[in-house]
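Just so you know, these numbers come straight off a predicted model, no measurement behind them. The sequence lines fix the lettering, A, B, ..., with proteins before strands; numbering per chain opens at 1.
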Amino acid sequence: MAKTKPSIPKGTRDFGPEQMVRRNYIFDTVRTVFSKYGYSPIETPAMENLSTLLGKYGDEGDKLLFKILNSGDFIDKVEPSLLKPGKSNAVSLAICEKGLRYDLTVPFARFVVQYQNEITFPFKRYQIQPVWRADRPQKGRYREFYQCDVDVIGSNSLLNEAELVLIINEVFEKLNVHTLLKVNNRKILNGIAEVIGHADKLIDITVAIDKIEKIGIDAVNAELRERGIENAAVQKLQPIIQLQGSNNQKLATLRNVLQGSPIGLKGIDEMEELFRYIEAWGTLSAQVELDLSLARGLNYYTGAIFEVKALDIEMGSICGGGRYDDLTGIFGLPNVSGVGVSFGADRIYDVMLQLNLFPESLTSTTQVMFVNFGPAEVAYCMLAARKLRDAGISVEIYPDATKVKKQFEYANKRNIRFMVIAGETEIQNRQFSVKNMVTGNQVSIPYDSIEEHIKLNL
RNA sequence: GUGGAUGUAGCUCAGCUGGUUAGAGCACCAGAUUGUGGAUCUGGGGGUCGUGGGUUCAAGUCCCAUCUUCCACCCCA
């Protein structure tokens with residue numbers, strides 16, 4: 001049999017110890033913040049029934065679902081007429097009833113409907129789990145990645161949106177990532193489309209507007225016409241495309257343009273209320289900006305939408321979300337509104353790595369290591385090691401009595417701060433020699449003062 | 001899904017218009033130092049040049065396919 005190099009699927013990654021320490025630092029940070037705001041953890045299975053997943057993310061999203069092949073001789077059940085080239089999609093639906101989850105929001109909606117009688121509303125939950133997308137991998141784009149979701153469902157209050165803004169602010173403040181938080185509202189976008197008489201072309205309009213920074217106003221207008229929007233409507237869009245000023249100024253301009261659209265005006269009311277709340281939080285480290293070009297592809301958003309971009313670096317959005325008024329309706333529980341955001345742990349990791357934002361202290365897990373000179377010497381150390389561990393200090397005893405040089409190299413590579421040496425001399429004097437690997441200083445201390453000494457110098 | 005680049009030691013890369021035994025730095029291992037790392041010196045191991053096919057007297061180098069990674073579009077965390 002030919003030897004093949006072991007490998008993992010495209011777009012997936014292994015994580016080594018030093019990566020995991022850093023990833024956990026991100027997970028711990030978001031988890032701490034989430035629970036501080038009163039959110040409780042849940043988990044759902046990696047796979048869901050395809051019927052749960054399909055149709056929730058748009059055509060594009062459906063294509064990116066990983067499907068799981070049925071067990072057994074499923075081919076028998078397939079309509080023979082389907083089994084020909086070009087019918088792959090229909091066949092796949094006939095032979096797959098499960099799929100890997102695409103995000104955490106839809107499974108959450110399914111969860112809420114399923115356990116509606118056991119849940120106390122408003123239900124605030126967080127969920128940190130991997131999701132899968134059959135996308136083509138790219139920078140910051142993986143086929144398996146972790147989302148950290150916070151959602152509150154069963155409350156229409158815009159205070160929830162405001163609180164999510166504060167959560168976003170706090171998470172990135174703690175992680176030291178400078179961010180721009182873009183905010184928009186689907187109702188405003190609907191209003192815009194309505195006002196120019198193209199309620200059906202919402203996506204075309206936002207996609208085009210989105211490119212203004214990249215390709216300029218003329219190209220955007222050209223693209224709009226190309227997408228079937230007549231010149232008069234394009235003219236009507238101009239004040240919106242070129243919207244300038246503070247968030248409140250933008251809203252004032254929009255209010256003017258959207259006079260004829262009740263839904264658009266509702267969106268403006270919502271945004272104004274949200275911005276009032278945000279101001280009431282006081283100073284935030286994240287910049288918050290109303291950005292009309294923010295549309296977000298996910299079909300189910302109906303109100304506020306959010307997206308966070310890291311400043312100082314080129315990377316897709318590192319956090320995104322919004323309000324969905326009727327996601328649970330599809331599963332049979334209508335009129336329950338929810339709002340939430342999702343932090344992209346892997347992209348945050350990439351940003352932090354490139355900007356060197358991980359704390360130095362994350363490089364080491366063990367603080368103290370006992371040198372191993374042999375069974376008798378190790379026995380002399382064991383009680384002391386246990387005492388240090390009981391004191392919450394992470395301690396290793398080197399397992400083999402190899403060359404001391406080798407043991408020191410091991411400790412050095414692992415960034416272990418203190419080496420405790422107990423050989424013949426130390427045992428005779430009932431002492432330890434403690435070497436600080438950072439300064440290189442080595443001192444002899446009495447056997448019983450080891451804990452005190454380490455604590456004092458840590 | 002469309003278009004474009006890339007792949008040589010564990011890592012970063014060199015290798016000319018095809019031509020002997022494919023190199024360097026870092027990393028690794030051993031020794032100088034039989035109880036002391038991070039510095040220095042000496043020596044050493046490690047490659048079917050992503051994979052498979054083709055052209056050729058001869059392929060790391062040219063051609064085709066395939067996979068990987070990356071970039072743009074689309075979309076998104």
What about A/Arg136: does its side chain form a donor-acceptor pair under 3.5 Å with the base of B/U69?
-> no

For the ring pair (Phe, Tyr, Trp, His ring centres under 6.0 Å) test, which of A/Phe34, A/Phe27, A/Tyr146 pairs with A/Phe343?
-> A/Phe34

What pairs of residues pass the salt bridge (charged side-chain N to carboxylate O under 4.0 Å, His left out) test when at least one of them lies in residues 17-28 of chain A, not counting sequence neighbours?
-> A/Arg23-A/Asp346, A/Asp28-A/Arg31

With sugar-phosphate meaning primed atoms plus P, OP1 and OP2, does A/Gln138 contact a base, only sugar-phosphate, or nothing at under 4.0 Å between heavy atoms?
-> base

So, with a heavy-atom separation below 4.0 Å from RNA chain B, the residues of residues 379-388 of chain A are none

For RNA chain B, list all stems, counting runs of three or more consecutive pairs where every pair is Watson-Crick or G-U wobble with both distances under 3.5 Å.
-> B:1-5 with B:69-73, B:10-13 with B:23-26, B:28-32 with B:40-44, B:50-54 with B:62-66

Assess whether one donor atom and one acceptor atom, taken from the side chain of A/Arg133 and the base of B/A77, lie less than 3.5 Å apart.
-> yes

Taking the side chain as every heavy atom from C-beta outward, state whether A/Phe306 and A/Val165 have any atom pair closer than 4.5 Å.
-> yes

Heavy atoms from other residues, nucleotides or ligands near CD of A/Glu424 exceed 12 (cutoff 6.0 Å) | no

Could you identify which residues of residues 304-320 of chain A place a heavy atom less than 4.0 Å from some atom of RNA chain B, listed by residue number, or say none?
-> A/Ser317, A/Ile318, A/Cys319, A/Gly320

Across the strands shown, which category fits A/Gly140 at heavy-atom distances under 4.0 angstrom: base, sugar-phosphate, nothing?
-> base

Mind checking A/Gly11 for me? I need base, sugar-phosphate or nothing, with any heavy atom below 4.0 Å counting as a touch.
-> sugar-phosphate

Can you name the atoms? Protein N/O to nucleotides 36-38 of chain B N/O, anything below 3.5 Å, with the distance.
unit_1	atom_1	unit_2	atom_2	d
B/U36	O2	A/Lys435	NZ	3.0
B/U36	O2	A/Gln442	OE1	3.4
B/U36	N3	A/Gln442	OE1	2.7
B/U36	N3	A/Gln442	NE2	3.4
B/U36	O4	A/Gln442	NE2	2.7
B/G37	O2'	A/Asn412	ND2	3.2
B/G37	N7	A/Lys435	NZ	3.1
B/G37	N1	A/Met437	O	2.6
B/G37	N2	A/Asn412	OD1	2.8
B/G37	N2	A/Met437	O	2.6
B/G37	N3	A/Asn412	OD1	3.1
B/G38	O4'	A/Asn412	ND2	3.0
B/G38	N2	A/Val438	O	3.2

Please list, by residue number, the residues of residues 17-31 of chain A whose heavy atoms come closer than 4.0 Å to an atom of RNA chain B; answer none if no residue qualifies.
-> none

